[in-house]
Structure formats: C-alpha cells, structure tokens
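Working notes, beginning with the structure itself.
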Amino acid sequence: MSSAAEERLRRQSARNGWLLSMPALALLAVAAIGPLAIIVIYSFLTPGQYGNVVWEFSWDGWVSILFTRDIFDGTLGLADAHLTIFWRSVKLSILTTLVAFGLGFPTAWFIATRPAQQRAMWLFLITIPFWTNLLIRTFAIMEVIRAEGVLNTALMWSGIIERPLAIIYTDVAVLIGMAYVYLPLMVLPLFAAIDRFDMRLLEAGYDLYASRWQVLRRVILPIVKPGIVAGSILVFVPSLGAYVTPRVLGGGKNMMIGNFIELQFLAGRNWPLGAALSVTLLVIVTAALLVYVRAANRGSNPHG
Amino acid sequence: MTEAVTIEARHAVKAFGQGEHVVRALDDVSIQIRKGEFFTLLGPSGCGKTTLLRLIAGFEMPTSGTILLDGADITDLPPNRRPVNTVFQSYALFPHLTVAENIGFGLTMQGRPKAEVKARVAEMLALVKLEAMAGRKVSQLSGGQQQRVALARALAPQPKVLLLDEPLSALDLKLRKEMQVELKRLQTETGITFIFVTHDQEEALTMSDRIGVMSAGKLQQVGSPRDIYTRPVNRFVASFIGETNFLPATVVSGGVRLSTGDVVAVETAAQGAVTLAVRPEQVRIVAAEESGAIVATVRMLVYFGTDTHCHLALADGTEVVARVQSPASGEAGIEEGSTVGIRFASGAAQVLED
C-alpha cells in the first residue's frame, strides 16, 4: 500500500476522532471550563454598587482575601476574620474526615464481614439517608442537638446533666452535622476495600506473633489504604466547601468558606471577592488532594 | 523410640454448629508428636486433619480436651503467643510487603533488633534460594517462589513446630515433586518438628517419619509409612493408602476360609466373619494346578508400563487384582480368559475385623 493512502487514512481517522469527541468537549467547555473562566475573570473586576461587576480591572478582590483596608486612613491590615474562617474550614474538614473514618471504619468492617446475603441490606441502610434532602437531614440533626432537643432532653431526664449542653450554633454542632452527612461517603469506599481484603491474612498475622493492634496497624490498614484515601477525599472535599450544614447548625456566626463566599455574592455585594475566594477554595482543595495522594502512594509503595 | 514429645493433643474434641446440627469435626483425638519428626496427618477432605492443625496453631479453641507443647498446656494461648508457625494452603503472604519484609514480619513482631532481623532474613533467603528476589513484591513471584517465601516466613522465627496445611496442593506435579524434596531437606537442616497435612497418600508415604491417618474426625492409625502400608488396622486405612483386595472370609483353625472354600494360612486372634486384605503387588500368579493355589480366571489385563494389573475372578466371582511386574518384553505371559492359580506372598495377607 502506498504511504500517501496510509497518510490519508490516518488523517481521516484523526479527524473522525475529533468529530466524535465534539459533544464531550462541548459539554466540558460549557459545564466546566466556561464557569471557571467566568469566576476567574470576575475576580479581577470591580464590584458594582448593587452586586454584579463593573468591567474595570482591579486586584481588590484578591487583596481583600487576606487584607482589609482601614476605613479611616486607608492602610492595609491582615483580615483576621477571613483567616479565622479559612482556619475553621480546614480544621472542621479535617476533623470531619477523622470522625467519619473513626465511625466509618468499624461500620465498613462490620458490613464486609457479614454473610454475603446480608451485606446488600446493610449497604442499603447506609445509603438510605442519601434519599432525603440535605436540608431536611441537617434540620433533623438540629432537632437532636438543640437546647430542648432529643439529646439534651434525654441526658437531663436521665440525670447526667442538669442544664442543657450548648451544642447548637457551635463548631461542634457543625462537626456533628458534617460527620453525619458525609459518613456514607466514607463507609462505601472503605467497604469496597475491606471486601477485597483477604481475611486469611489476619490468621497469618496472628500466627507470626502480631497482636490485634499490630495486625490492624501492620496488615489491615496498609492493605485497605486505597479505600481510606478515597473515603477521606470524598469526605474532605465537600466538607471544605460545605454550605448548608454550617449555615443551619453554625447559626451564621460560625461561618465556613462556603458561607463566606455566599455572603460576598449576596449581602456583601462584592462579587470579585466572592470569585477570588472560590478560586482560592479550589486551589486549597487541589493542593490538599495532591499532597494527600502523594503521601498515600509513597507510604504504600516504599520500593516503587 | 523414646524421644521427647513436642506437641500433644489429649482427648481433643471440636464441634461446630448448634443443637441438632452439631458436627464433630474432631472426635476425641489424642496424639503425641515427637521432637524433630516429620509427622503427616493424612485423610480425605473433611476428616478433621485441618481442624487438628488449627487447634495446634491456636486459630480454633477445642470444645473439650487439651493441647500441650513441651508438656505445658497451651490450649488457651492465642496464636501470637505460641511458638508455632503455619504455612498456609493459600500461602497468605502479605501483598503490601516485599519478600524480605514478609520473611522478617514474625521477627519484627517479636521485637527482635533490626540487625538480627536483617541477618536472619538473609539466612532464610539463602535457605530457600531466593536471595535475588528479596526486594520484589510477592505478586511478582511464581507459585513455587511464593511457596518458598511462605516457608521462609514461617521458619524465620525458629518455631518449635512448623504446621503445613496442604502447602503443595496448588502446585503442578513437577513443582510438587521438587518441593517435596525441598521440604524434607529444610526439615532435616533446621531440625524443626514438621506437622504436615495432606490428602495425598504418596506425599505422606515418601516424606514422613510417621503418619497419622484420620477419618470422620477420628485418628484411625498412627505409625511409620511402612507400618501404615503393610499393617493397616482397618478397612479404611487399607483402602485409603494404596490399593487393596478385600476378600470376605471366616476364621478357622490355622487361618481363614475364603468364600470359595480355600483356606489361607494367617495368624489372627479374631473370631467369626472377617475381611482378608491383600495388596495387589503381593498376589502371585502361578500355575492353576500348583498345590495350595487358589484357582482364578483372568478377566482383564491392564498395562501400566512398569507393571500390569491382572483383574481376576475367583471361583465364586470375588474379584482380585494382581499387580505383576512387566518383564522386558512387555508381555506378562498371561492370556485373558485363561485359568491360573494365585498365591499370597507370605505375611502379606492381613485380617481386618471390620
């Protein structure tokens, strides 16, 4: 066959390939790249008087992430309130991930060690909360932890406490709510990993003088690590951007980044700052993921 | 022999299930395994041999009875506190660790110093000839190599007893033969007591110092391979290890009378109806007219290369198989359909009571 014909065929197939991937590329452009581009562009514009933006270039959106301009002398100072919100968001997200892991691991282990015909039922029970609206689930948690709620009533009735615990509208309330909401996202990947775990390795571990704790630490955890990484990412990422839960359970004063962004777009009428904060959140999440995945890979593959 | 006993089971019972569905996987088994011997537990699947092994390892607690190690009761000790290691049927190597880390696992868990672990791992790698594989992940090894790693891992902490749960069953025939020799070599070199579980009678006969034959949760017979083969105590042992002709017979003075009326001279203390067991290779084919020979008709000849199996029928139709060594010509010199006489080699016929 002549090389010219081959070349034509090759080019044709390349063109067909592009044509066929057009729908996907168009969707990607409209749904992912487009909105992101708008956000990035808006972050460099000037806020309009009643929200929206004025098409005038400005660094102010980015500067005001970390600094505030003194209203009297116009000097820049560190925006403590903003830093507090960032720190609270990261801290609560990490804690949520840890709590979800602490509760999710025994749960996933329990399900994975049930007889095969029972597992489907347990997994089904785990996924049931997903069918309920997030807002309703959050209000349900509120019902449990508020001053006259189920928890306090029960504790007071049983005489353990005399005055209701002030949980609602604190960081603890937000933590409880987020851990509850995102727990299934931890359980499911952990279950998948534990389900693949060869239980005969437990006996091998015990046989080779490992205590229960050492078997957990040296055999089980390293082998189910991919599930731990997946579950942690699935919990950490939405926690960091959480909006509904801190809004309802944090009572507006314990803001997280998500609420802070909303504030800029609505009441604050500072769209560039909101846009800059959104990009910052995206960067933090991406950086956290990269660091975490790197660390996880290095840990599980020391000779690779 | 009056050697020291390493492992002893006393009236060990292991029952599974509840109520009416109780299965006695192990039914009152008492056994003594001597220091430094290669002991094989032989039996068909479900006979309780693996259960006994798991009781010794500590993975199962006996329903009743005791397990002793060097005379001390270890029945209630968890597996991680018994100086006993296991080579698992599935190998159960740790997939996240390298070959060297797998072998060193037990030593590390015992809290031995790093330098000692390293030296011992190197020693074990040399013992199983896997020095070049030290840094590999176990998934990169062949079945035979994984088997060696499993052996090295179990031997590294220098256990008092090594338990082997059908470790060769996953290997192909050629590799299995190699590993049989290898196992025997390792046992001799290390001097560790090996308890080997198998359902393969040939494996048991070629490798063991002593064999314990098990069936239906009970220990049927314990003895050297020769004892077990030549002096089986019952019909199960006789049929499970090697092939045997079973002939119905009645005890008479000076021997037993077969159903054909022929009398075979054997010594027995039994009375009444018994079974006479004779190995096919102990059946001699002679001329039909020879005095004392039992008359038989040749039904079929099956050529096996080294020997030929003659399927014979006695006068009353009882079937007997004789294994005749094939002569150089390949022809056994026996015609199908011809009438011949058979004799049993002296001392070869066994009287079994059940």
Side-chain angles (χ1 to χ4, degrees), chain A residues 101 104-105 108-109 112-118 189-233 292-304, chain B residues 50 53-54 56-60 77-112 117 133-140 146 149-150 152-159 161-165 167:
Chain A
F101 177 72
F105 188 82
W109 186 271
T113 49
R114 288 313 95 190
Q117 65 269 26
Q118 285 178 26
L190 276 179
F191 166 78
I194 297 171
D195 192 36
R196 280 197 304 272
F197 179 78
D198 182 355
M199 295 293 167
R200 291 174 295 195
L201 296 179
L202 300 182
E203 284 190 349
Y206 292 132
D207 189 60
L208 291 161
Y209 312 107
S211 62
R212 283 169 169 274
W213 165 248
Q214 283 171 321
V215 166
L216 177 69
R217 168 86 186 64
R218 307 294 293 266
V219 179
I220 301 172
L221 290 182
I223 294 177
V224 301
K225 199 178 220 165
I228 300 175
V229 172
S232 301
I233 289 172
Y292 192 56
V293 171
R294 283 265 176 80
N297 281 344
R298 202 170 36 242
S300 68
N301 198 9
H303 300 270
Chain B
T50 296
L53 202 72
R54 292 174 61 80
I56 297 172
F59 300 134
E60 311 266 3
L77 276 189
N80 56 340
R81 293 178 53 201
R82 297 185 185 200
V84 170
N85 289 136
T86 308
V87 176
F88 296 89
Q89 188 171 12
S90 62
Y91 312 150
L93 297 176
F94 301 119
H96 59 300
L97 301 179
T98 62
V99 168
E101 288 166 340
N102 261 285
I103 296 174
F105 190 88
L107 298 163
T108 311
M109 290 302 116
Q110 283 181 322
R112 306 267 185 98
V117 174
M133 304 289 169
R136 298 262 186 107
K137 280 279 166 86
V138 289
S139 56
Q140 295 169 303
Q146 291 188 8
V149 176
R153 184 180 71 171
L155 283 170
Q158 287 167 305
V161 181
L162 186 76
L163 308 175
L164 302 106
D165 185 9

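To find a chain, count down the sequence lines: A is the first, B the second, and so on, and within it residues start at 1.
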Side chains of A/Lys225 and B/His96 in contact at under 4.5 Å (non-hydrogen atoms):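 A/Lys225 vs B/His96: side chains apart.
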Note, A/Arg218 side chain near B/Leu97 side chain (heavy atom, < 4.5 Å):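 No; the side chains remain at least 4.5 Å from each other.
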Option that, when pairs with chain A are counted at under 4.5 Å, heavy atom only, ranks first among B/Pro78, B/Pro95, B/Ala57: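 Top count of heavy-atom pairs under 4.5 Å with chain A: B/Pro95.
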Distance, nearest 0.5 Å, that separates OH of B/Tyr91 from CG of A/Asp198: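 Going from the OH atom of B/Tyr91 to the CG atom of A/Asp198 covers 13.5 Å.
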Residues which pass side chain to side chain donor-acceptor pair (under 3.5 Å) with B/Arg54, listed by chain and number, not counting sequence neighbours: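 Partners of B/Arg54 by the side chain to side chain donor-acceptor pair (under 3.5 Å) criterion, ordered by chain and then number, come out as A/Glu203, B/Glu60.
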B/Leu93 versus A/Leu201, closest heavy-atom pair with distance: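 Between these two residues, the closest heavy atoms are O-CD2, 3.2 Å.
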Smallest separation among heavy atoms of B/Ala92 and A/Arg200, with atom names: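 Between these two residues, the closest heavy atoms are CB-O, 4.0 Å.
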Salt bridge (Lys or Arg N to Asp or Glu O under 4.0 Å) partners of residues 79-90 of chain B, not counting sequence neighbours, each pair once: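 Applying salt bridge (Lys or Arg N to Asp or Glu O under 4.0 Å) to every pair that reaches into residues 79-90 of chain B, excluding sequence neighbours, yields nothing.
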Contacts of residues 207-217 of chain A with chain B (heavy atom under 4.5 Å):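 Within residues 207-217 of chain A, the residues that come under 4.5 Å of chain B (heavy atoms only) are A/Asp207, A/Leu208, A/Tyr209, A/Ala210, A/Ser211, A/Gln214.
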All ring pair (Phe, Tyr, Trp, His ring centres under 6.0 Å) counterparts of A/Phe191, not counting sequence neighbours: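 With neighbours one apart ignored, the set is empty.
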Proximity breakdown for B/Leu107 and chain A, heavy-atom pairs closer than 4.5 Å: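 Neither part.
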